[in-house]
Amino acid sequence: MNSSEAADGDAGPVVCEVTGYRWMYFLLAPGEVRGHRWPLGVQRFGERGSRAVTYIGIPALDGNTWPLRWYSEPTPTAPYVDAQLLLGVVTNAVPARPTSP
């Protein structure tokens, strides 16, 4: 199951980079990042006590916003990405790291 299927086609706000590393940014409700245990390799922004970046540039809904673009726009029914659904999709997509004996 992909993220669009998991969200019934209403995934909430997702921004992607057109060039460079090609990151995708899933915009979660305030505090949602801290409320879940994310797999290794998932970059989190805005955690409490973090010295990391706590914001990202958001492209305008209309007009040229290169190199960022909306992959999925916010809607009245999905103003944010559902963190639990995202965690499920990411957990299934990231291969488990082997454990040492």
Side-chain angles (χ1 to χ4, degrees):
M1 176 181 300
N2 65 36
S3 58
S4 182
E5 291 169 344
D8 261 345
D10 197 8
V14 180
V15 174
C16 67
E17 292 179 351
V18 178
T19 63
Y21 288 112
R22 311 282 306 252
W23 284 87
M24 293 188 74
Y25 302 94
F26 299 83
L27 307 183
L28 306 179
E32 283 292 311
V33 170
R34 294 187 306 271
H36 301 282
R37 188 177 166 139
W38 300 93
L40 291 175
V42 172
Q43 179 67 47
R44 298 168 303 275
F45 296 106
E47 292 183 285
R48 181 175 294 166
S50 171
R51 293 179 156 236
V53 175
T54 58
Y55 66 92
I56 62 169
I58 305 296
L61 290 174
D62 295 314
N64 183 7
T65 60
W66 187 88
L68 298 177
R69 75 171 181 86
W70 286 101
Y71 184 80
S72 174
E73 294 182 9
T75 65
T77 56
Y80 298 105
V81 170
D82 183 302
Q84 194 64 40
L85 285 177
L86 178 61
L87 180 60
V89 170
V90 170
T91 301
N92 290 326
V94 176
R97 297 182 97 182
T99 57
S100 308

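Count residues from 1 along the sequence.
Every residue meeting the side chain to side chain donor-acceptor pair (under 3.5 Å) condition with T77, not counting sequence neighbours, appears here in chain and number order: D10, T75. Here P74 pairs with P13, L61, W70 under the side-chain contact (heavy atoms from CB on, under 4.5 Å) rule; sequence neighbours left out. Residues forming a side chain to side chain donor-acceptor pair (under 3.5 Å) with E73 (at least two apart in sequence, or on another chain): none.
The heavy-atom pair separating V90 from P39 by the smallest distance is CG1-CG, 3.6 Å. The shortest non-hydrogen separation linking A11 to A78 is C-CB, 4.4 Å. Closest of all the heavy-atom pairs between M24 and V14 is CE-CG1, 3.6 Å. Pairing each heavy atom of T19 with each of P67, the nearest pair is OG1-CB, 3.6 Å.
Applying the 4.5 Å side-chain rule to ILVMFWY residues, one finds W66 in the same cluster as V18.
Side-chain contact between Y80 and P30: present, with at least one pair of heavy atoms (C-beta onward) separated by less than 4.5 Å.
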Inset, instruction - Test W38 against L86 for side-chain contact (heavy atoms from CB on, under 4.5 Å), laying out the working first. - result: CA-CA 10 Å; W38 300 93; L86 178 61; 4.0 Å; yes
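One distance of note links SG of C16 with OH of Y25; it measures 10.0 Å at 0.5 Å rounding. Rounding to the nearest 0.5 Å places CG of L87 at 10.5 Å from CZ of R37.
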